[in-house]
Amino acid sequence: MKKHLIAGIFAVGLVYSCATNPITGKKSLNFVSNSELFPTSFQQYGTFLKENKVITGTADARKVETVGLRIKAAAEKYLIYLGQSQYLQDYRWEYKLIDNKEVNAWCMPGGKIVVYSGILPITKDDAGLATVMGHEVSHALANHGAQRMSASQLQQLGAVGVAVATGGKSEQTQQIWGQAYGIGSQGLGILPFSRGHETEADKIGLTLMAIAGYNPEQSITFWQRMSAQSSGQAPSEFWSTHPSDATRIANLKALIPEAKALAAKVGVIYK
């Protein structure tokens, strides 16, 4: 009975994983629809802006807006090329620069983008900023937020299954199995899942910045600056949600020709 319950839990995940993301063309785990996710995302974004200092009227703020608009236009062109012109109909694009020294940027589901002022010394120019914004927008386009929520739900269901399966064992045995499941599902499931999202966002982001008219080769110099800024303090790749800087840069170098080729098909040519 317990074995059947655990099998049933993971069967649910397999059934839901049949959904195909239109921008990646891949089947992905996703229990949450955009119609459910976007209203909450927009509300949280509005709350965040009220609680933080938004920079307006400066050259940096205009740069964020300009690059954001070009990335948005590139996303629309790319989706038209893919035959998915309706995919962005519920997006409500917005681009804000926040006064915060943290080296960070993000895009919430539905196209709500924030760039922290602390990352601008590393992005330096429009191409560097396009690398960051293209990457963050790609997370939204590929529904990575919804997928991470779904993976977390499945992980929790698995924990319930382990608890049920070991319910007749001693308390010590239950703790051992619970800890083993937690470590194993995180190290072998959730973290590689997140690293895969980062690589996927890098790939889509390269294409977006290329279609937007920025040379994707400039992404390499940005990530080299990011690597130098971290001074080797990043955790081991195995226990990180992100690939190592060296892995990321190697992946980007390999992906640049494909990004340029896709941009050329959309109408942007690089010499």
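- The closest side-chain heavy-atom distance from N251 to D202 is not below 4.5 Å.
- I220 is listed as a side-chain neighbour of I249, based on a closest heavy-atom distance under 4.5 Å.
- Looking at every heavy atom in both residues, A130 comes nearest to I71 through O-CD1, 4.1 Å.
- Distance alone, capped at 3.5 Å, places no donor-acceptor pair between the Y78 side chain and the V266 backbone.
- Judged by distance alone, the side chain of S227 and the main-chain N or O of W223 form no donor-acceptor pair under 3.5 Å.
- Across all non-hydrogen atoms, the minimal contact from A127 to Q218 is CB-CB, 3.6 Å.
- For E102, the CD atom counts as densely surrounded, since its 6.0 Å shell holds more than 12 non-hydrogen atoms of other residues, nucleotides or ligands.
- Taking the side chain as every heavy atom from C-beta outward, I204 and H139 never approach each other to under 4.5 Å.
- Looking at every heavy atom in both residues, A212 comes nearest to A74 through N-CB, 3.7 Å.
- Residues meeting the side-chain contact (heavy atoms from CB on, under 4.5 Å) test with D90, sequence neighbours left out: F38.
- In this structure the side chain of I55 never reaches within 4.5 angstrom of the side chain of V64, judged on heavy atoms.
- The aromatic rings of Y91 and Y87 sit tilted, their planes meeting at an angle between 30° and 60°.
- The shortest distance between side-chain heavy atoms of Y214 and L206 does not fall below 4.5 Å.
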(request) Show your reasoning for whether side-chain contact (heavy atoms from CB on, under 4.5 Å) applies to C107 and V137. (result) CA-CA 6 Å; C107 178; V137 165; 4.3 Å; yes
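- Residues E217 and K260 are paired through a salt bridge, judged by an N-O separation under 4.0 Å between the basic side chain and the carboxylate.
- Taking Ile, Leu, Val, Met, Phe, Trp and Tyr as hydrophobic and joining them when side-chain heavy atoms fall under 4.5 Å apart, one finds I80 isolated, its cluster having no other members.
- For residues 112-125, the side chain to side chain donor-acceptor pair (under 3.5 Å) pairs, not counting sequence neighbours, are E94-K112, W106-Y116.
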(request) Could you give me the CA-CA distance, side-chain angles and deciding distance for L141 and L88, then say whether side-chain contact (heavy atoms from CB on, under 4.5 Å) is met? (result) CA-CA 9 Å; L141 295 178; L88 298 175; 3.5 Å; yes
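- Between V115 and L120, some side-chain heavy-atom pair lies under the 4.5 Å cut-off.
- Of all heavy-atom pairs between M133 and G68, the closest is CE-CA, 3.5 Å.
- Of all non-hydrogen atoms in G205 and S138, the two that sit nearest each other are N-OG, 3.0 Å.
- Between the side chains of E198 and H135, at least one donor N or O lies within less than 3.5 Å of an accepting N or O.
- E258 and K203 are joined by a salt bridge, as a carboxylate oxygen and a charged side-chain nitrogen come within less than 4.0 angstrom of each other.
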(request) Go through W93 and L69 one step at a time and tell me if the side-chain contact (heavy atoms from CB on, under 4.5 Å) criterion holds. (result) CA-CA 9 Å; W93 296 94; L69 286 169; over 6 Å; no
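- Between I98 and V54, some side-chain heavy-atom pair lies under the 4.5 Å cut-off.
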(message) Please evaluate residues T131 and M209 with respect to the criterion side-chain contact (heavy atoms from CB on, under 4.5 Å), reporting the C-alpha separation (whole Å), side-chain torsions for both, the decisive distance (0.1 Å), and the verdict.
(response) CA-CA 7 Å; T131 301; M209 70 180 292; 3.5 Å; yes
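- With contacts defined as side-chain heavy-atom distances shorter than 4.5 Å, the pair K63/L129 qualifies.
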